[in-house]
Amino acid sequence: MCEKILLIDGHSILNRAFYGLPDLTSPEGLHTGAVYGFLNILFRVLEEEKPEYLAVAFDRSEPTFRHQKYPEYKGTRKPMPEELKEQLPLLQEMLAAMGITTISLAGYEADDLLGTLAKRSEEKGMDVTVLSGDRDLLQLASKKTLIRIPKTAKGQTLIESYHEDEVLEHYQVTPSQIIELKALMGDSADNISGIPGVGEKNATRLIKEYGTVENAYAHAEEIPQKRARESLLEHYELAQLSRELAAICTDSPVEFSCEDAKVGDLYTKEAYELCRKLDFRSFLNRFDPAQVNEDSMEQDFFTCSDFEGCEALFEKAAQAEAVGVSLLGDKEGTYGLGLALNEDEIYYIPVQGMTTPGYLSEKLESLSQNTMLCSMDVKAMLKHIELRPEAKVFDCGIAAYLLNPLKSTYTYEELARDYLDGKAIPAKEELLGKISLKKAWEQDMPELEQLACYMAYTAFCVRGPLEEKLKETSMWKVYTEIELPLVFTLDSMEKWGIEVKGEELKNYGDQLTVRIQELEKLIWQQAGEEFNINSPKQLGVILFEKMGIPGGKKTKTGYSTSADILEKLAPDHPIVNDILEYRQLAKLKSTYADGLGAVIEADGRIHSTFNQTITATGRISSTEPNLQNIPVRMELGRLIRKVFVPEPGFVFLDADYSQIELRVLAHMSGDEKLIQAYREAEDIHRLTASQVFHIPLEEVTPLQRRNAKAVNFGIVYGISSFGLSQDLSITRKEAAAYIQKYFETYPSIKGFLDGLVEQGKEKGYVSTMFGRRRPVPELKSSNFMQRSFGERVAMNSPIQGTAADIIKIAMNRVYKRLLDEKLRSRLVLQVHDELLIETWKDEIPQVSRILEEEMKGAAHLAVELEVDMHQGDNWYEAK
DNA sequence: GGCCTCACG
DNA sequence: ACGTACGTGAGGCCC
């Protein structure tokens, strides 16, 4: 076997990764997506090729010999957008950290260096692989030199391979003739112009026939295609020039020693730390933990499994102002507790013998009266130990969420990195892999001690920095007065859950099945064949190809069959209505009838999880199951709400804010006209229509009201004429006219929204009335789409977020009053602007009063916060 | 695991 | 010119 060298075109692969993948942003706000993509490709090719030597070539900013020879030459690289440019040094830093040789040479492009080294290596008898995104490099292919080109197909990255033969097969010309081909057809990516009127087909034909541009010119008279012939005769000089530009130099004076480029251990400590810093988590498991975690903390960890020891430990903990705690447990059990007394006394207490979950709960409960328990996730802890809402706790996950709500996870190792100067500690996945807590506990794995201790340690240590940053950013009040109390409110809601009648749900599902099967038959009949109606792909083919319905492509992968497209086709094609009904029923059956049925627990109730650290705006979300998207808009779906019932002796009281977001807008913008409108209006959309269209209130038509309502929504979403036009099925021009009229009617609104965008650009974030922040990095993007998105976000988030703050305040206050007044009634659901209370019948008047007072009183706005309330024996009736 | 579709505010 | 309304979660398909 020959030795092999892998040569990489640095810029071209980075470019490809940048355009082919979604961008990522590191915790410090650096763009990193292209570097990530580059490394992914690098690792893959290394594994496939297993080269002994490796070098990455980069272009230089200086003019090259091509510039000197041809003054008009503009260079082969397009100017890089800022988001890509800043990643270049990052990539070079990473390559340096991995000990990978990089080369560049003033006066030459990376291509030339690759060409030179490929040739020299071949001469030494080595095998060569060249990795580039640029097909120009195919001219270097030979029996010994393999060209590899990454290509994105169907979302997957394929890396094509070309030796000499494959070039011949694909392009019907030899590698060296690739240059001739380019000279004729040009290459826009490479700024090679080619000659007019000759495309790929003609160029290939000519080069196949005549071998070179020169020879084709010599035989020009024989060329049968008139346009190609004339163009070649006329533009021969241009073709010659292009030929020279396209030719890669293979004898540049680059200094290179193979020995320096020997592939060593890429997985160094420096590379590991950089991967952590850039948040490249999927790469971390490539590193050998023993090598990269030299400064292990494990000497500070102690397992305490005897009862006396634990007693002493809790006594010592009680002397501390704060301790870090981590409770290991899941739905099936409680396995142990990590306890950090300070930075270097960290204990693990496994659940065993006398240290039962009940014992730990009791100890922590009493500890929390005077000592602050710092935890990564207090609500999760509350599932194993009982704490009163007055307990002293610090929730690191929530604090970190407030400081940056855009992250998807807030794990301890991320927090350590982000708030302890990049401190690297192993993540749960690194310690346990895919082994469950339960399994690890049963097998007494030592990693459990490490996990609990690292977590408790982090919780203890990050509290200070988090608190400091929350105060710096003026979010301390949001944290202490809204989010932290909400932990207990949500925990209570989760524990109560809501009763669901399983049998009725099943009946409902069975009825759906009957109709679904009817529709299925009907649809198959009309289509003339059986197919999977649930497959958009198959459905698209049936509708738009087989049945020939005009509708056209829309998505990357095929035809769009979404409801808004199908609805437009429905009048002319009966099958479409059946499909729409089928879809609706299939959704109800799978997501709701079956989905909800599967999560009813032994107590006959559904216990959703309310997540407090998910949304970018400050709303909560609901999962497993999602109880915030139970159907209501269509009657058939709405019927599902009949299976949500209160316990005997209770009724539901459902209270929702009326147009809270528009009211927030009125308040925050201070628009007198809109505020006045709310003071007098029964029907704000109708009044908006009357004011925007300058007509008396009584003369507003239903259509005008509908349009005004859509504009009101649009304003809250960060208005755009395109979005509004889509929603109302009108032209952009008409939509723009509506928006303009709206702004004329409510003159302060435009200034307010513009101000939000301005603030977002200036400060990098926008804020709610209560100081909650949302960063808007998209506003700095050079990409129009992203920037526009940033503008809409800047307009929407303060409004949606303020409404979220208000209902959170209301929830806390309602929850507290129910407790303080020792009522049996309980808060069970929140759906963004709505609260559902399972109310003890005797307490109906009192609870109604509480809801009204606390919801209306949650914030004092320039307009009243109006609350609608309904009572019922199930959720359907209470709405 | 990504994409499409659709349920909610 | 670009190709969109803001914020979510879940199920089914298909690679």
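Basis for what follows: all heavy atoms, side chains included, without hydrogens, waters or symmetry-related copies. Residue numbers begin at 1 in each chain, while the letters A, B, ... track the order of the sequences.
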Considering only atom [atom1], compute the distance from [N] to [M] and round it to an integer number of Å.
| N | M | atom1 | result |
| --- | --- | --- | --- |
| dT5(B) | dT4(C) | P | 13 Å |
| dG3(C) | dC6(B) | P | 23 Å |
| dA5(C) | dC4(B) | P | 13 Å |

- Item | Under the ring-ring contact (aromatic ring centres under 6.0 Å, His included) test, residues paired with Y657(A) that sit two or more places apart | none

- Message: Suppose we screen for ring-ring contact (aromatic ring centres under 6.0 Å, His included). Which residues come up paired with F644(A), at least two apart in sequence or across chains?
- Response: W875(A)

- Query: Distance check: side-chain N/O of K587(A) vs OP1/OP2 of dG12(C), anything under 4.0 Å?
  - Reply: no

- Tell me whether the OP1 or OP2 atom of dG9(C) has a side-chain N or O from T609(A) closer than 4.0 Å. no

- Query: So which of V645(A), I606(A), I640(A) actually passes side-chain contact (heavy atoms from CB on, under 4.5 Å) with V500(A)?
  - Reply: I606(A)

- Message: Can you build the contact string for nucleotides 1-8 of chain C? Use B for base contact, S for sugar-phosphate-only contact, and - for no protein heavy atom under 4.0 Å.
- Response: -BBBBBBS

- Return each pair, listed once, that meets salt bridge (charged side-chain N to carboxylate O under 4.0 Å, His left out) where at least one residue sits in residues 607-634 of chain A; pairs must be two or more places apart or across chains. R619(A)-E661(A)

- Note on the structure: Residue pairs meeting salt bridge (charged side-chain N to carboxylate O under 4.0 Å, His left out), one or both in residues 716-739 of chain A, sequence neighbours left out, come to none

Check residues 708-717 of chain A and write down every donor-acceptor pair under 3.5 Å in which the side-chain atom is one partner and the other belongs to a residue at least two apart or another chain.
from: N712(A); atom 1: ND2; to: H685(A); atom 2: ND1; distance (Å): 3.0
from: N712(A); atom 1: ND2; to: T688(A); atom 2: OG1; distance (Å): 3.3

Across the strands shown, which category fits [X] at heavy-atom distances under 4.0 angstrom: base, sugar-phosphate, nothing?
| X | result |
| --- | --- |
| E834(A) | nothing |
| A563(A) | sugar-phosphate |
| R633(A) | base |
| D594(A) | nothing |

- Task: List for me each residue that meets salt bridge (Lys or Arg N to Asp or Glu O under 4.0 Å) alongside E864(A), sequence neighbours excluded, and say none if there are none.
- Result: none

- Item | By salt bridge (Lys or Arg N to Asp or Glu O under 4.0 Å) - contacts of E567(A) (at least two apart) | none

- Message: Tell me if the centroids of the rings in Y746(A) and Y742(A) come within less than 6.0 Å of each other.
- Response: yes

- Starting from P on dC6(B), measure out to CG on L636(A) and report it in whole angstrom. 15 Å

- Which dot-bracket string fits DNA chain C when only Watson-Crick or G-U wobble pairs with both atom distances under 3.5 Å count, crossing pairs get [ ], and | stands for a partner on a different strand? .....|||||||||.

- Item | Among dC13(C), dC6(B), dC14(C), the one nearest Q538(A) by side-chain distance | dC14(C)

- Task: When you get a sec, tell me which of dC14(C), dT5(B), dA10(C) is the closest nucleotide to the side chain of S535(A)?
- Result: dC14(C)

